[in-house]
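Since the structure is predicted, the reported quantities are computational estimates derived from the model, not experimental observations. In what follows, every chain begins at residue 1, and chains take the letters A, B, ... in the order their sequences are listed.
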Amino acid sequence: MALYLCRKPVPCTSLCYHLFSSFTSSSYSDPGEPEEQPGFSSTDVKPELPTMQPSTDADMVSQILLQHHNPFHATESSLQLNGVILTPNLVHQILLRLRHCSKIALAFFQYSCQYHPYYAHDTIAFNLLIDILCKVRQFDVAWQLIIQMDQEKIGNFTKPNFTTFYILIRRLISAGLTRQAVRAFSEMHLFTEDDEKGNTGEDFSEFHICFLLDTLCKYGYVKLATELFNKEKWKLDLNVRIYTILIYGWCKVKKIEMANRFFREMIDKGIKPNVVTYNVLLNGICRRASLHPEERFERVIREAEKVFDEMRQRGVEPDVRSYSILLHVYSRAHKPALSLEKLKMMKDRGVCPSIATYTSVIKCLCSCGRMEDAENLLDEMVCNGVSPTSVTYNCFFKEYRGRKDVEGAMRLYNKMKGCGSLCTPDMHSYNILLGMFMMLDKMGLAREIWEDIKASGVGPDMDSYTLLIHGLCEKGKWREACEYFMEMIEKGFLPHKITFETLYRGLIQSDMLKTWRRLKKKLEDESLTFGSEFEKYHLKPYKR
DNA sequence: CTAGGGTTAG
């Protein structure tokens, strides 16, 4: 962690060196065609992370890389990729497709740095890779990439920016490393230039502190956020946004009294709450409230209505989100009649239901077995110009799973896959179906889903593997479970402890010591020397 | 993913 403190001195690790030397090799000075890059330039525009877009090239490359799912085969893959010309956009799309496989993503990045240097790797690509690595807690490698970016500043568009630190800090916090996150935050200004938001000084730091507090709150570290806030607040220009963030934080950890305290504090300071603040408070009251005995449900509704009344008194009109929060409560309490009534009421008041609103009501109807009503509402929303998303369809899948209705689930699944469908299945859809078929011992269908997941390019993810492995364990198919377990490790997933324990017990109890030893060796290879292993295979390709 | 609403299973 000493790395954090030094900017200019070069704490180059082997990985760093390697990437560095590939950038400074002869092809680096090649004129190339750097100005033809679409989508970004060396101006001060803050780059965003790209989103997944259809791209046959990216599909092809990522499929090739995934087929050699052991990243140590990077050289083999590169032979097949010889004719591919990497553009920055293609690199982004490939990295997005490899985002669940950190090791392959890193191997690919390293390969592409070597063979396609100079312009194919912009800050966005670095940021994507940093995100992928941080997700599996490879913070050291992420830092090395940041330092490398800082030292290179290739063509002036590969340098760490606010997004880089946003990603790093968010991942550090999500991993519980809040102290390191705060430290990274305080050192961020050494790496980034303050031109990203077009302003400097006070406003800029306030913009940043909002982001830090917000991230801390989102992951439940509201106490630390409050401490930082109290320490800094005398020099901040307090506004409704920063208070809303803290209120959100206290609501998230179910301390409504604390949320109310900050709510009063902001009013005392003359800062007017807006509709966002009220919705945060409303959500705090409703989101995780226990609804089990009828009286509790009624109490929650009463309190929610009280907030609605107060909003109107202060001249803040409830919006779609306010109603969606309320409808979510009805949905959780399984109150289809009240749910539909409220939906009508909001429409009468001129508030247009959104996808979230409809999804809440549809979820309610589905979970109460009123599939036909749910389908009618689905038609209605389409008529009103609101397209269902996979989230909406997942409500149906969940109900089909509950009813063990394989036929219904497959009918909807094929409808989603078919042409003219409004949305395609997402990882949740796949995982619900996969879990359902594993539970019902429909291995054929489970395999079909598994192939579709692989073909979709967005998975399998951690949950898919977990579901599949747990399902196989339940059926006593220990060897197959073990294969998938090793496959997921090779792809860079960190399995749950329970998955490992289940497999371990099964293998031992059924006397499969040979398989067990193979697994143990794999774990030793991968985790005990994980960090150094990462750097090693960047220096020299793995030999079989 | 940059102050707020809808989904999995464990």
Distance check needed: B:dA3 P versus A:Leu212 CG, whole Å only. 14 Å
Within 45 degrees of the ring normal and closer than 6.0 Å to the centroid, is that where the cationic atom of A:Lys342 sits relative to A:Tyr330? no
Within this structure, what is the OH-to-C1' distance between A:Tyr248 and B:dG5, rounded to whole angstrom? 11 Å
Grab the CG-P distance between A:Asp461 and B:dT8 for me, whole Å please. 14 Å
Using whole Å, report how far CG of A:Leu467 lies from P of B:dG10. 7 Å
Give the residues of residues 357-374 of chain A touching DNA chain B, defined as any heavy atom closer than 4.0 Å, sorted by residue number. A:Thr357, A:Thr359, A:Ser360, A:Lys363
Step-by-step ring pair (Phe, Tyr, Trp, His ring centres under 6.0 Å) determination, A:Phe493 to A:Tyr465: CA-CA 9 Å; A:Phe493 292 115; A:Tyr465 274 107; 5.6 Å; yes
Residues in salt bridge (Lys or Arg N to Asp or Glu O under 4.0 Å) contact with A:Lys306, at least two apart in sequence or another chain: none
Which salt bridge (charged side-chain N to carboxylate O under 4.0 Å, His left out) pairs, counting each pair once, include a residue from residues 344-361 of chain A, with sequence neighbours left out? A:Lys344-A:Asp348, A:Lys347-A:Glu380
Nearest to the A:Asn283 side chain among B:dT7, B:dG5, B:dA3, which nucleotide is it? B:dG5
Categorize A:Thr215 for me: base, sugar-phosphate, or nothing, with a 4.0 angstrom heavy-atom threshold over every strand shown. nothing
Return the set of residues passing side chain to side chain donor-acceptor pair (under 3.5 Å) with A:Lys272 (not counting sequence neighbours), or none when no residue passes. none
How is A:Ile355 classified with respect to the nucleic acid when contacts are heavy atoms under 4.0 Å: base, sugar-phosphate, or nothing? base
Consider the side chain of A:Asp131, meaning its heavy atoms from C-beta on, and name the nucleotide among B:dC1, B:dA3, B:dT7 that approaches it most closely. B:dC1
Value in whole Å for how far the C1' atom of B:dT7 lies from CZ of A:Arg287: 10 Å
Let's see if you can work this out: which of B:dA3, B:dT7, B:dG5 has an atom nearest to the side-chain heavy atoms of A:Lys218? B:dA3
Base of B:dT7, side chain of A:Asn394 - is there a donor-acceptor contact under 3.5 Å? yes
Interatomic distance, A:Leu327 CG vs B:dG6 C1' [rounded to whole Å]: 10 Å
Near-parallel close stack of A:Tyr166 and B:dC1 base (under 5.5 Å, under 30°): no
Do A:Ser322 and B:dG5 share a donor-acceptor pair, side chain to base, under 3.5 Å? no
Between A:Lys398 and B:dT8, is there a contact of a side-chain N or O with OP1 or OP2 at under 4.0 Å? yes
With a non-hydrogen cut-off below 4.0 angstrom, is A:Asp463 in contact with a base, only sugar-phosphate, or nothing? base
Side chain of A:Arg321 - closest among B:dA3, B:dG5, B:dG10: B:dG5
Tell me whether the side-chain N/O atoms of A:Arg170 come closer than 4.0 Å to OP1 or OP2 in B:dT2. no
Would you check if there is a donor-acceptor pair between the side chains of A:Tyr166 and A:Asn127 at a distance under 3.5 Å? no
Taking atom P in both B:dG5 and B:dC1, what distance in whole Å separates the two? 11 Å
Between B:dT8, B:dG5, B:dA3, which one does the side chain of A:Ile432 approach most closely? B:dT8
Within the structure, does a side-chain N or O atom of A:His208 lie under 4.0 Å from either OP1 or OP2 of B:dT2? no
Can you pull out every salt bridge (charged side-chain N to carboxylate O under 4.0 Å, His left out) where at least one residue sits in residues 362-379 of chain A? Sequence neighbours excluded, please. A:Arg370-A:Asp373
Scan A:His428 against the nucleic acid and name what it touches under 4.0 Å (heavy atoms): base, sugar-phosphate only, or nothing. base
For A:Glu480, give me all partners under side chain to side chain contact (heavy atoms under 4.5 Å, CB included), at least two apart in sequence or on another chain. A:Arg447, A:Leu472, A:Lys477, A:Tyr484
